[in-house]
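A short worksheet on the structure shown next.
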Amino acid sequence: MELEKLRFGTELIKRGFAKMQKGGVIMDVTNAEQAGIAEDAGAVAVMALHKVPADIRMSGGVARMADPRIIEEIMDAVTIPVMAKVRIGHYAEAEALQAIGVDMIDESEVLTPADTFFHIDKRKFIVPFVCGARNLGEAVRRIWEGAAMIRTKGEAGTGNVVEAVKHMRLMNYAINSVVKADKDTLKKIARRFAESYLRLPSLISSDMNIDFDDDTTIYEEYTFSEICDGLYDVLLDIKKMKRLPVVNFAAGGIATPADAAFMMKLGADGVFVGSGIFKSSNPEAYARAIVEAVQHYDEPEVIAEVSKGLGEAMKGLEISSLEIQMQERGV
Amino acid sequence: MKIAIVGVQGDVSEHVEIVKKALDNLGISGIVKPVRKRGFISESDAVIIPGGESTTISRLIWRDGIAEEIIELARDGKPVMGTCAGLILLAKHGDKQVEETDTRLLKLMDIWVRRNAFGRQRESFETEIDFKGIGRYRAIFIRAPLIERVGKGVDVLARIDEGIVAVRERNLLGLAFHPELTGDTRIHEYFISMI
């Protein structure tokens, strides 16, 4: 094949990959056997992990990229795409996952962040990325950085859907506001959203008493004014399309078929299920039921039918009882 | 004119939008509808099976009786187009991956397909192809399949080197790439003209 005529890793290819996942369920798995169960149940992809979020929460300590050997075993076990998580801002973990050929990288707050200032510049990768977002500002920043898919952060490992619902509602309301806003207002919103990139220069500025301005390079090769322009362009896309310009999935606390259907009703393009499947009493049945619930989210009789006799869902946690809220990581 | 887009999973809305655009360009009025349950396909003039995961789409269309409706429509001579995952489902002959995942095919086109033929997402690409009857076309290949062999009566419409990436067999059109992702409506216009 004439390789020089083929273009790899373009934005269209990365965003296109994410679009192929629409209407689907992406399931967290920790070994090849679970991956097989997910594929048989009709998952569109699996997320290869060392531990599911509920166990990460239980065990504490630093959560890192999974062992590449486990990820490769999962890649060998299934034919559907395999995703894996890296710590926020951790370029070397992401490069390692790209090197073994993971289909999509999740720069995830579920792992312990590696960088408190910045996320990865995802445009520098051939493999597409998905990132969590609690609100429109986080989503717009991640999209500008090159994320091909956004997912709500929710609160992973809790089996409690309340935070995912909150994040989806915040996103939808903010998108409506952007659709109604004029261009001057969008410029102001873009500048406001860009302020998150100023944490590092602001700290240095107060530490050393030196100034920075709009033309100082502050993140990768970008100046503050270039970031503002970039975020403005993303906002213009949102205004035009009346939605995010990339696929937007629900994630973080989805435990039952009805949870999944509810997130679809709120406008999610698809669903990630983390601990909800393999922490339930009957993973095969839960996996199949959630796939069917996502497909038929607007048919209550189907949701009722697939919810019958499923056995215990994962136990679940009250948000106010949590020691760590993963959603607060990486803004 | 009624055009159904199989809507159980995959990039359904992209097909809906581009079919509407293609109809506008051709000056044809019509209804374009994503379909997640039985009923609409049998009264349609054409159906499109989009890209997505063939394993997932196959399970869902057979479970919900959509598969039988597509087969019946195709046997009536109505146009059916499959892109990427949709192409795999149209084939009579799957590869090892198709067999091992128990992916049930519609078995409509006399073609041999190989799933994920180019590799993983890292190996996904875009390139210019020559499409018979249309000309140069920017084609997007995402974890794409290849057509390895075709039976008699199957017309090859585009290749990348030796690999076959677009075929037509009477009223059936199969593409290994995604014409719904670029905004170029020519292939959808070609498909509509088959009605």
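Being a predicted model, the structure only gives us computed values, none of them experimental. Chain letters run A, B, ... following the sequence lines, proteins first, then strands; residues in each count from 1.
- In the model, Thr56(B) has no side-chain atom that pairs as donor or acceptor with a side-chain atom of Gln9(B) under 3.5 Å.
- When the candidates Glu292(A), Gln21(A), His296(A) are compared by the number of heavy-atom contacts under 4.5 Å with chain B, Glu292(A) comes out ahead.
- Counting only residues at least two apart or in different chains, side-chain hydrogen bond (donor to acceptor under 3.5 Å, both in side chains) contacts with residues 71-80 of chain A comprise Glu39(A)-Thr79(A), Thr79(A)-Arg115(B).
- Heavy-atom pairs under 4.5 Å with chain A peak, among Leu60(B), Asn116(B), Asp102(B), at Leu60(B).
- At least one donor-acceptor pair under 3.5 Å links the side chain of Asp95(B) to the backbone N or O of Val98(B).
- The contact list for residues 65-92 of chain B toward chain A, using heavy atoms and a distance under 4.5 Å, is empty.
- Chain B forms more heavy-atom pairs under 4.5 Å with one residue of Ala18(A), Gly23(A), Gly9(A), Pro81(A) than with any other, namely Pro81(A).
- By number of non-hydrogen pairs under 4.5 angstrom with chain B, the leading residue of Asp269(A), Val25(A), Val247(A), Asp298(A) is Asp298(A).
- Using cut-offs of 30° and 60° for the angle between ring planes, the Phe177(B) and Phe131(B) rings count as perpendicular.
- Heavy atoms closer than 4.5 Å to chain A are found in the side chain of Arg59(B), but not in its backbone.
- Of the two parts of Asp64(B), only the side chain, counted from C-beta on, holds a non-hydrogen atom closer than 4.5 Å to a non-hydrogen atom of chain A.
- For Ile140(B), the part lying near chain A is the side chain, with the backbone staying farther off; criterion is any non-hydrogen pair under 4.5 Å.
- Side chains of Glu95(A) and Phe125(A) form a contact here, defined as non-hydrogen atoms less than 4.5 Å apart.
- Neither the backbone nor the side chain of Ser58(B) comes within contact range of chain A, judged by heavy atoms closer than 4.5 Å.
- Per-residue counts of heavy-atom pairs under 4.5 Å with chain A were compared for Glu180(B), Glu100(B), Arg63(B), His178(B); the largest is that of Arg63(B).
- Under 3.5 Å, the side chains of Ser44(B) and Lys33(B) contain no donor-acceptor pair of N or O atoms.
- Note that the CG atom of Leu23(B) and the CD1 atom of Ile192(B) stand 4.0 Å from one another [nearest 0.5 Å].
- Interface residue Ser124(B): backbone and side-chain heavy atoms are both found under 4.5 Å from chain A.
- With a threshold of 4.5 angstrom between heavy atoms, Arg159(B) does not approach chain A through any atom at all.
- Ranked by heavy-atom pairs under 4.5 Å with chain A, the list Glu162(B), Lys37(B), Arg143(B) is led by Arg143(B).
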